[in-house]
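To start, the structure itself, in structure tokens.
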Amino acid sequence: AAMTSGAARRRLDMNEYRERLEARLGKSREMMRVVLNKAKSNPKRVALSEGTNEKMIRAAYQMQDEGIAEPILVGNTKTILRKAEELGLDFDPTIANPRDGDWDHYADRLHELRKRKGLTKSEAAETIRRDTNYFASVMVEMGDADAMLTGLTHHYPTGLRPPLQVIGTAENVNYVAGVYMLTFKNRVVFCADTTVNLDPDEEILAEITKHTAEVARRFNVEPRAALLSYSNFGSVRNEGTAKPRNAVKVLQDDPEVDFPVDGEMQADTALVEDILEGTYDFADLETPANVLIFPNLEAGNIGYKLLQRLGGAEAIGPMLVGMDKPVHVLQRGDEVKDIVNLAATAVVDAQTE
Ligand code: ACO
């Protein structure tokens with residue numbers, strides 16, 4: 001009987017687990033569905049700078065097939081067509097081949113943008129022919145594409161540098177940042193910065209917080225931001241804890257900030273209602289935060305990966321925020337669905353340009 005009840009209990013656990021899993025997937029699917037539908041209502045041109053990569057080709061097929069975006073595969077035409085055929089994908093992709101055709105105007109534009117940063121005319125021509133990240137960046141900068149995706153086959157900084165140099169930040173933005181949306185059962189959090197700024201000061205932290213709050217709103221989530229640290233509201237006072245503490249002052253004094261924000265605080269303070277209502281009932285947050293701003297890149301990158309792998313969150317990102325045009329730099333291991341999801345968020349961004 002003990003065996004049976006144990007097995008029954010395990011079955012119950014399994015059922016409960018499945019239910020939770022479904023609720024969680026349901027939530028992230030629901031959030032993504034909003035974005036996918038919005039993308040489909042007005043699909044935009046997305047340059048995929050790693051056009052010969054099989055995952056990119058599959059993703060391009062799916063985007064085109066489902067009407068999410070109009071993909072432009074950047075790379076060697078023959079290679080792309082051969083791979084598409086090998087993958088059994090029946091489509092006629094739009095391809096931009098940097099080594100074939102007349103792209104002198106791209107080289108000229110790149111030279112114009114970078115000539116006072118040490119780039120010569122012949123180097124610009126060579127870069128356009130050889131480096132598809134620069135090619136795609138110029139393509140977007142010149143308006144021949146509306147957005148860009150890269151990152152599958154490079155180190156993250158290698159994919160990020162060309163768009164930073166060519167496209168740059170939006171007006172009134174100094175620092176871009178990488179945001180992850182993590183969905184759990186009945187809860188969603190937006191984490192930043194997870195990918196770009198190594199050691200942000202208070203001004204940068206404040207800027208990142210505003211960008212991240214905007215991302216939350218794009219997913220129909222009303223932001224409540226916490227600046228995280230290992231101390232609570234001055235419980236440890238040193239240079240490190242001062243940055244998020246001062247960032248909160250910057251934000252609370254900013255008339256543009258129309259969402260609750262507080263800190264510095266520990267992660268559990270930010271997430272547990274009892275702590276916010278108890279010890280820290282003076283905090284500007286009444287309910288747990290859903291925008292989590294990490295004090296530096298180590299904390300941000302490690303933090304979101306722990307949540308994703310141990311906490312079982314569904315992750316969408318990294319969404320690069322603050323660029324003048326939508327650009328996303330993927331991670332090496334990302335899957336086709338990650339590419340399509342980020343392409344959809346880029347399309348939705350491009351719609352409001
Ligand atoms: N926001 C906006 N623009 C920036 C930023 C920023 N945070 N940082 C640099 N730039 C601009 C610069 O102003 C410069 O423009 P300019 O050339 O027109 O003057 C251009 O980008 C290049 O900047 P550099 O200083 O020459 O380039 P750097 O080598 O410092 O690279 C980079 C910048 C790539 C963002 C760098 O800070 C970096 O490597 N960050 C960490 C990335 C990383 O390793 N992430 C973790 C892994 S990612 C993951 O797990 C998915």
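Atoms within a ligand are numbered from 1 in the order they appear, just like the ligands themselves. Just the heavy atoms: all of them, side chains too, but no hydrogens, waters or symmetry mates, feed the values below.
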Ligand 1 and Y175, any nitrogen or oxygen pair closer than 3.5 angstrom? no
Does a donor on one side chain and an acceptor on the other come within less than 3.5 Å for T153 and R332? no
Hey, is atom 48 (S) of ligand 1 under 4.0 Å from any protein heavy atom? yes
For T241 and R245, which I'm curious about, is there any donor-acceptor pair between the side chains at under 3.5 Å? yes
For ligand 1, which part of V329 has a heavy atom less than 4.0 Å away: the side chain, the backbone, both, or neither? neither
So is N174 touching ligand 1 or not, going by heavy atoms under 4.0 Å? yes
Any protein heavy atom lying closer than 4.0 Å to atom 29 (O) of ligand 1? yes
Short check: is a protein heavy atom less than 4.0 Å from atom 7 (N) of ligand 1? yes
Please indicate whether any nitrogen or oxygen in N301 is less than 3.5 Å from any nitrogen or oxygen in ligand 1. yes
Does the ring center of Y134 lie less than 6.0 Å from the ring center of Y106? no
Any side-chain donor-acceptor pair under 3.5 Å between Q252 and D284? yes
Same cluster or not: are V329 and L152 linked, directly or through other Ile, Leu, Val, Met, Phe, Trp or Tyr residues, by side-chain heavy atoms under 4.5 angstrom apart? no
Hey, is M323 touching ligand 1 through its side chain, its backbone, both or neither, going by heavy atoms under 4.0 Å? neither
Taking the inter-plane angle between the rings of F91 and Y61 on a 0 to 90° scale, is it parallel (under 30°), tilted (30 to 60°) or perpendicular (over 60°)? perpendicular
Output yes when the distance from some N or O of ligand 1 to some N or O of Q165 is under 3.5 Å, and no in every other case. no
If only side-chain N and O atoms count, and only distance matters, is there a donor-acceptor pair under 3.5 Å linking T52 with N76? no
Output yes when a protein non-hydrogen atom is found under 4.0 Å of atom 2 (C) of ligand 1, and no otherwise. yes
Under 4.0 Å from ligand 1, counting heavy atoms only, is it the side chain of V176, its backbone, both or neither? both
Can you find a heavy atom in the side chain of N53 that is under 4.5 Å from one in the side chain of I57? no
Any nitrogen or oxygen of V196, side chain or backbone, less than 3.5 Å from one on ligand 1? yes
Contact check: R114 vs ligand 1, nitrogen or oxygen atoms, below 3.5 angstrom: yes
Is any N or O atom of Y156, backbone or side chain, closer than 3.5 Å to an N or O atom of ligand 1? no
Quick one: which ligand 1 atoms are inside 4.0 Å of a heavy atom on K117? 16 (P), 18 (O), 19 (O)
H155 heavy atom under 4.0 Å from ligand 1: no
Checking contacts now, so for atom 42 (C) of ligand 1, which I'm interested in, is there any protein heavy atom under 4.0 Å? yes
So, for Y180 and F190, is the gap between ring centers shorter than 6.0 Å? no
Nitrogen or oxygen of T194 less than 3.5 angstrom from that of ligand 1: no
